[in-house]
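Report on one structure; see the data block that follows.
As the structure is a prediction and not an experimental result, all values here were calculated from the model.
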Amino acid sequence: MCLSLAVYWKISDSGEAQPFHHYEVNPSWLAVQPLHDTTLYPDPTAAGTRGRPRPIHISALEIPVIYEAVLADVPGLHSRPPILPHTVRDSFPPPPPSGYDFIFHIGVAGRGPLRMERQGHKLGYHMKDADGKLAPLARSTPKDFSRRPDDHLAENLERERLGLEMVEHIGSDTSARPTRGFGVQYESFPDELPTEIDVTRLVQDLKQSGIEVG
């Protein structure tokens, strides 16, 4: 079994990690970097284990917090066989031809315990990336989740925490905020894509292991 940990961070042209906003060191990368190119051997006597468990090989990869880089690099990781970014070093473990069994996308969030996301969103990316650029424009749909009051509040709190500006200006005028996100080539995808992983069970197992999860 092969597991890929994709960590979002700003990377310079030289391939070195750079400070992202007020973070001098990437907390999410520090958390997973020690796991890179390691193999875990599950306990065959653990509860819920079916058959003979396979060893789990872990690869960790940094992804720039830049919309253009995410759109260019992340789809290749999910391909079969996976396509690694051109910036990956030659020493990086070759991906399995049949693809990674699981890919966990990890990033810096707000204060508090570890959080697990149950679904990915196609629209509503209104914050600027590490290069100060906005996400591509996307056609608005009747179910555009970014217009919901709860998400708007959460987005404002995240903007305040990171010190990011989400309002778009044209000269001295403030324009109505357009819908941004994954538009071109993603028209056939739903606005919200749930994970196939049993997140509830995962959270329960983590808590039983003594890990604080929100």
Side-chain angles (χ1 to χ4, degrees), residues 4-36 59-79 82-89 92 100 103-117 119-138 144-146 151-170 174-175 177-186 189 191-193 195 214:
S4 174
L5 303 176
V7 177
Y8 293 90
W9 195 241
K10 183 176 180 182
I11 308 297
S12 69
D13 293 336
S14 64
E16 298 299 327
Q18 298 295 306
F20 177 54
H21 298 293
H22 57 277
Y23 294 106
E24 292 297 331
V25 180
N26 180 358
S28 54
W29 179 242
L30 290 177
V32 303
Q33 186 180 27
L35 297 175
H36 177 61
S59 298
L61 178 66
E62 290 178 295
I63 304 293
V65 191
I66 301 171
Y67 291 117
E68 182 178 4
V70 170
L71 289 169
D73 296 341
V74 172
L77 298 177
H78 291 268
S79 300
I83 302 173
L84 299 177
H86 69 277
T87 55
V88 171
R89 303 180 187 275
F92 192 87
Y100 292 108
I103 297 181
F104 289 90
H105 298 267
I106 303 169
V108 177
R111 295 185 179 90
L114 182 68
R115 303 172 186 174
M116 297 289 177
E117 294 187 346
Q119 60 186 6
H121 298 289
K122 183 171 71 173
L123 306 174
Y125 295 89
H126 299 296
M127 292 191 295
K128 294 180 180 179
D129 62 17
D131 278 351
K133 297 180 180 180
L134 292 166
L137 291 172
D144 183 358
F145 80 97
S146 65
D151 288 327
H152 181 68
L153 176 59
E155 188 178 73
N156 284 338
L157 292 174
E158 185 71 358
R159 173 183 59 82
E160 181 180 353
R161 183 182 70 82
L162 295 176
L164 299 175
E165 179 58 60
M166 294 189 299
V167 179
E168 297 185 36
H169 300 278
I170 301 178
T174 301
S175 63
R177 186 175 67 179
T179 300
R180 294 183 177 275
F182 301 92
V184 179
Q185 298 182 350
Y186 289 88
F189 288 83
D191 290 355
E192 298 176 348
L193 188 64
T195 179

Check: With sequence neighbours left out, what residues match Phe189 under side-chain contact (heavy atoms from CB on, under 4.5 Å)?
Finding: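 side-chain contact (heavy atoms from CB on, under 4.5 Å) check on Phe189 returns Lys122, Tyr186.
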Next item on the list: Report the residues that fulfil side-chain contact (heavy atoms from CB on, under 4.5 Å) with Thr87, sequence neighbours left out, ordered by chain and then residue number.
Entry: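 side-chain contact (heavy atoms from CB on, under 4.5 Å) list for Thr87, sorted by chain: Pro85.
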List the atom of [X], the atom of [Y], and the distance in Å for their closest heavy-atom pair.
X      : Y      : answer
Leu134 : Lys128 : CD2-CG, 3.7 Å
Val32  : Ala60  : O-CB, 4.1 Å
Ala138 : Gly183 : CB-CA, 3.9 Å

Just how far is it from atom [atom1] of [X] to atom [atom2] of [Y], taken to the nearest 0.5 Å?
X      : Y      : atom1 : atom2 : answer
Glu117 : Ile106 : CD    : CD1   : 11.5 Å
Asp73  : Glu62  : CG    : CD    : 12.5 Å
Ile66  : Asp129 : CD1   : CG    : 6.0 Å

Margin query: Looking only at the aromatic ring of each residue, does the gap between the centers of Phe182 and His121 stay below 6.0 angstrom?
Written below: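 Here the rings of Phe182 and His121 have centres that are no less than 6.0 Å from each other.
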Less than 4.5 Å apart, side chain to side chain, heavy atoms only: is that true for [X] and [Y]?
X      : Y      : answer
Lys133 : Tyr67  : no
Thr179 : Leu137 : no
Leu77  : Pro82  : no

Notebook entry, point to check: How would you list, by chain and number, every residue that makes a side-chain hydrogen bond (donor to acceptor under 3.5 Å, both in side chains) with His78, sequence neighbours excluded?
Noted result: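 Partners of His78 under the side-chain hydrogen bond (donor to acceptor under 3.5 Å, both in side chains) test: His105.
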Note to self: Please check: side-chain N/O of Arg180 versus main-chain N/O of Ala135, any donor-acceptor pairing under 3.5 Å?
What the structure shows: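 Confirmed, Arg180 side chain pairs with Ala135 backbone.
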